[in-house]
Peer 1: 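Just dropping this structure here.
Naming: A, B, ... by sequence-line order, numbering from 1 per chain. Below, each value reflects all heavy atoms present in this structure, side chains not excepted, and no hydrogens, waters or symmetry copies.
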There are 2 protein chains.
Amino acid sequence: MPSQATEDYLKHIFQLTLENPHQLVSMGDLAESMEVVPGTATSMVKKLHRDKLVHYEAYSGVKLTSKGRKTALRVLRRHRLVETLLVETFGLDWAEVHEDAERLEHAISDKLMERIDSFLGHPLTDPHGDPIPASDGEMPTTKIHRLVDGVAGDKVTITRILDQEQAFLRFIDERGLRPGTTVRIEQTDDVGDAMTVRPSRRQPVTMGRAAARKLLVEPAG
Amino acid sequence: MPSQATEDYLKHIFQLTLENPHQLVSMGDLAESMEVVPGTATSMVKKLHRDKLVHYEAYSGVKLTSKGRKTALRVLRRHRLVETLLVETFGLDWAEVHEDAERLEHAISDKLMERIDSFLGHPLTDPHGDPIPASDGEMPTTKIHRLVDGVAGDKVTITRILDQEQAFLRFIDERGLRPGTTVRIEQTDDVGDAMTVRPSRRQPVTMGRAAARKLLVEPAG
DNA sequence: GAGATTATTTTGACTCGTCAAAATATAGAG
DNA sequence: CTCTATATTTTGACGAGTCAAAATAATCTC
Ligand SMILES: [Mn+2]
Ligand SMILES: [Mn+2]
Ligand SMILES: [Mn+2]
Ligand SMILES: [Mn+2]
């Protein structure tokens, strides 16, 4: 069994290559994402490489092997099903489930996971809109559209919130920008590095592009 | 936060002093219970002592401090609530929930635990009859009566199964000796090291005393 | 109570996951 | 191209948790 640390590294590498799984992840980015110093990332990545979970070339970067990808998706499935359980069944707030899920994702057997999946009625996405990988380890690859890339006049539906920090999720929640909400892009301000969107029958919301980069959308039908 | 290993050591010390919490646990017994070599138990116990979780005197033995006891009870509460959840809500077999619970007990926040407790309706015992400690960290101390100490003619109700090994639980299950069942002690055989009990409208069951020591009972009203 | 047996502790070693700081490679600027 | 800034890797260290085997203490046995 892969250790907790191993599972987390693989998951982070996966998340850092959302747009393109063949992209190489730098040690700097991985270290920042894992909140460790770069040297730690290098030494862990060497072990992942030894265990054939990643491709790694010194000074170049790291990406998942198919074995590593499979493991990452299993962890993600657990994480997202657990988050769904905590919100749907135990009534926790979507902004506070991440911490528990971060630990529980490493502690659940396949059998239990499948029971939870049935209990929940095989949900397709978690409370943040993140797709739940199937038990066979696959996940439909959907095109990633970021709110930040929209232009004034676009009408889009928010599908996923990529940042699971409590403060960010609360910000989103208070302004009515949960997954499923349709918004109109009122204006974009390149110089001011900001954009303004308006959710239907709500106040317009202005946010920086860094924030708008964390919201995924699809064209509103 | 105590590590997973720390929590498990405290829990095992607690379980080894069921009858009398002031009894000292030997390194040999602790090591056997934790499935480590004795030297490992010694070195871990020294750390627990450093952290004021146990009283320890070389060559004498170990017992929990009140801080250690509190931690042990928190772990036990988690373990038993989780087992109850897995059986009641997700339909797993009582013989197979132990492994998952062994890991999940270290991964659940207080808040989540209380939600699960409410969801389950504040159960008092787990599927094996083990009492669930209250959230304030206390548990009523009940007298421990072992089936093995009964005499022919006694009528007793089985209350707890102390051994959570799958094979043992299956044995118990198949012979109708689950918690709640009332049995009559048919005979005890000192020389043969065995005893025979008969659950109401069931075949009599003969078992060794080692097995009968793992069943707790109370006098049948 | 001396000697043998058993239990406990100590020592030395190892893996995992981590950091600090030094060494080195790569990429960027002029 | 060369020098400099930045990123990466290496080295040495550490705590946690473990084992094997040696040293030592405690407990029987006669
Ligand atoms: Mn995690
Ligand atoms: Mn999520
Ligand atoms: Mn455990
Ligand atoms: Mn139990």
Peer 1: Which residue lies toward the 5' end of DNA chain C, Gln4(A) or Glu57(B), if each is placed at its nearest nucleotide?
Peer 2: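 Going by which nucleotide is closer to the 5' end, it is Glu57(B).
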
Peer 1: May I ask you to say whether Glu102(B) pairs ionically with Lys11(B), meaning some side-chain N is under 4.0 Å from a carboxylate O?
Peer 2: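 Yes, charged N to carboxylate O under 4.0 Å.
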
Peer 1: Closest nucleotide of DNA chain C for Tyr59(A) versus for Glu35(A): which of these residues is on the 5' side?
Peer 2: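 Of the two residues, Glu35(A) wins.
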
Peer 1: Would you give me the side-chain donor-acceptor pairs under 3.5 Å for residues 69-91 of chain B, sequence neighbours excluded?
Peer 2:
{"unit_1": "Arg69(B)", "atom_1": "NH1", "unit_2": "Glu138(B)", "atom_2": "OE1", "d": "3.4"}
{"unit_1": "Arg69(B)", "atom_1": "NH1", "unit_2": "Glu138(B)", "atom_2": "OE2", "d": "3.4"}
{"unit_1": "Thr71(B)", "atom_1": "OG1", "unit_2": "Lys67(B)", "atom_2": "O", "d": "3.0"}
{"unit_1": "Arg77(B)", "atom_1": "NH1", "unit_2": "Pro133(B)", "atom_2": "O", "d": "2.9"}
{"unit_1": "Arg77(B)", "atom_1": "NH2", "unit_2": "Glu114(B)", "atom_2": "OE1", "d": "2.7"}
{"unit_1": "Arg77(B)", "atom_1": "NH2", "unit_2": "Glu114(B)", "atom_2": "OE2", "d": "3.3"}
{"unit_1": "Arg77(B)", "atom_1": "NH2", "unit_2": "Asp117(B)", "atom_2": "OD2", "d": "3.2"}
{"unit_1": "Arg78(B)", "atom_1": "NE", "unit_2": "Ile108(B)", "atom_2": "O", "d": "3.1"}
{"unit_1": "Arg78(B)", "atom_1": "NH1", "unit_2": "Arg74(B)", "atom_2": "O", "d": "3.4"}
{"unit_1": "Arg78(B)", "atom_1": "NH2", "unit_2": "Ile108(B)", "atom_2": "O", "d": "3.1"}
{"unit_1": "Arg78(B)", "atom_1": "NH2", "unit_2": "Asp110(B)", "atom_2": "OD1", "d": "2.7"}
{"unit_1": "His79(B)", "atom_1": "ND1", "unit_2": "Glu105(B)", "atom_2": "OE1", "d": "2.7"}
{"unit_1": "His79(B)", "atom_1": "NE2", "unit_2": "Glu83(B)", "atom_2": "OE2", "d": "2.9"}
{"unit_1": "His79(B)", "atom_1": "NE2", "unit_2": "His98(B)", "atom_2": "ND1", "d": "3.2"}
{"unit_1": "Arg80(B)", "atom_1": "NH1", "unit_2": "Pro131(B)", "atom_2": "O", "d": "2.6"}
{"unit_1": "Glu83(B)", "atom_1": "OE1", "unit_2": "His128(B)", "atom_2": "ND1", "d": "3.0"}
{"unit_1": "Glu83(B)", "atom_1": "OE2", "unit_2": "His98(B)", "atom_2": "ND1", "d": "3.2"}
{"unit_1": "Thr84(B)", "atom_1": "OG1", "unit_2": "Arg80(B)", "atom_2": "O", "d": "2.7"}

Peer 1: Using a heavy-atom cut-off of 4.0 Å across all strands, would you classify Ser26(A) as base, sugar-phosphate, or nothing?
Peer 2: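 The residue Ser26(A) makes sugar-phosphate contact but no base contact.
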
Peer 1: Figure out the NZ/P separation between Lys47(B) and dG15(D), and round it to whole Å.
Peer 2: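 These atoms are roughly 10 Å apart.
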
Peer 1: Looking at Trp94(B), does the NZ or CZ of Arg170(B) lie under 6.0 angstrom from its six-membered ring centre and within 45 degrees of the ring axis?
Peer 2: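 Cation-pi check for Arg170(B) and Trp94(B): fails.
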
Peer 1: Can you find a heavy atom in the side chain of His12(A) that is under 4.5 Å from one in the side chain of Leu30(A)?
Peer 2: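 Yes, side chains in contact.
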
Peer 1: To the nearest Å, give me how far apart CG (Leu10(B)) and P (dG17(D)) are.
Peer 2: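 One finds 11 Å between P of dG17(D) and CG of Leu10(B), rounded.
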
Peer 1: Can you tell me if the side-chain N/O atoms of Tyr9(B) get under 4.0 Å from OP1 or OP2 in dT18(D)?
Peer 2: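 Answer is yes, contact under 4.0 Å.
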
Peer 1: Need one value for Gly39(B): base, sugar-phosphate or nothing, where a base atom within 4.0 Å counts as base even if backbone is also close, heavy atoms only.
Peer 2: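 Counting heavy atoms under 4.0 Å across all strands, the contact made by Gly39(B) includes a base.
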
Peer 1: Please report the shortest heavy-atom distance between Pro179(A) and Pro127(A), naming the atom on each side.
Peer 2: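 Closest pair (atom of Pro179(A), atom of Pro127(A), distance): CG-O, 4.1 Å.
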
Peer 1: Under the side-chain hydrogen bond (donor to acceptor under 3.5 Å, both in side chains) test, which residues partner Lys214(A), sequence neighbours left out?
Peer 2: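 So Lys214(A) forms a side-chain hydrogen bond (donor to acceptor under 3.5 Å, both in side chains) with Asp163(A).
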
Peer 1: Would you mind reading off the distance between His12(B) atom NE2 and dG17(D) atom C1', rounded to a whole angstrom?
Peer 2: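 Nearest whole value for this atom pair: 15 Å.
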
Peer 1: 5' to 3' on DNA chain C, which nucleotides open and close the contacts with chain A (atom under 4.0 Å from a heavy atom)?
Peer 2: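 First-to-last contact on DNA chain C, by the 4.0 Å heavy-atom rule, is dC16(C) to dT26(C).
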
Peer 1: In whole angstrom, what separates Leu48(B)'s CG from dT18(D)'s P?
Peer 2: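 That distance rounds to 11 Å.
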
Peer 1: For Ser43(A), report the nucleic acid contact type (base, sugar-phosphate, nothing); a contact means any heavy atom under 4.0 Å.
Peer 2: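 Result for Ser43(A) = base.
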
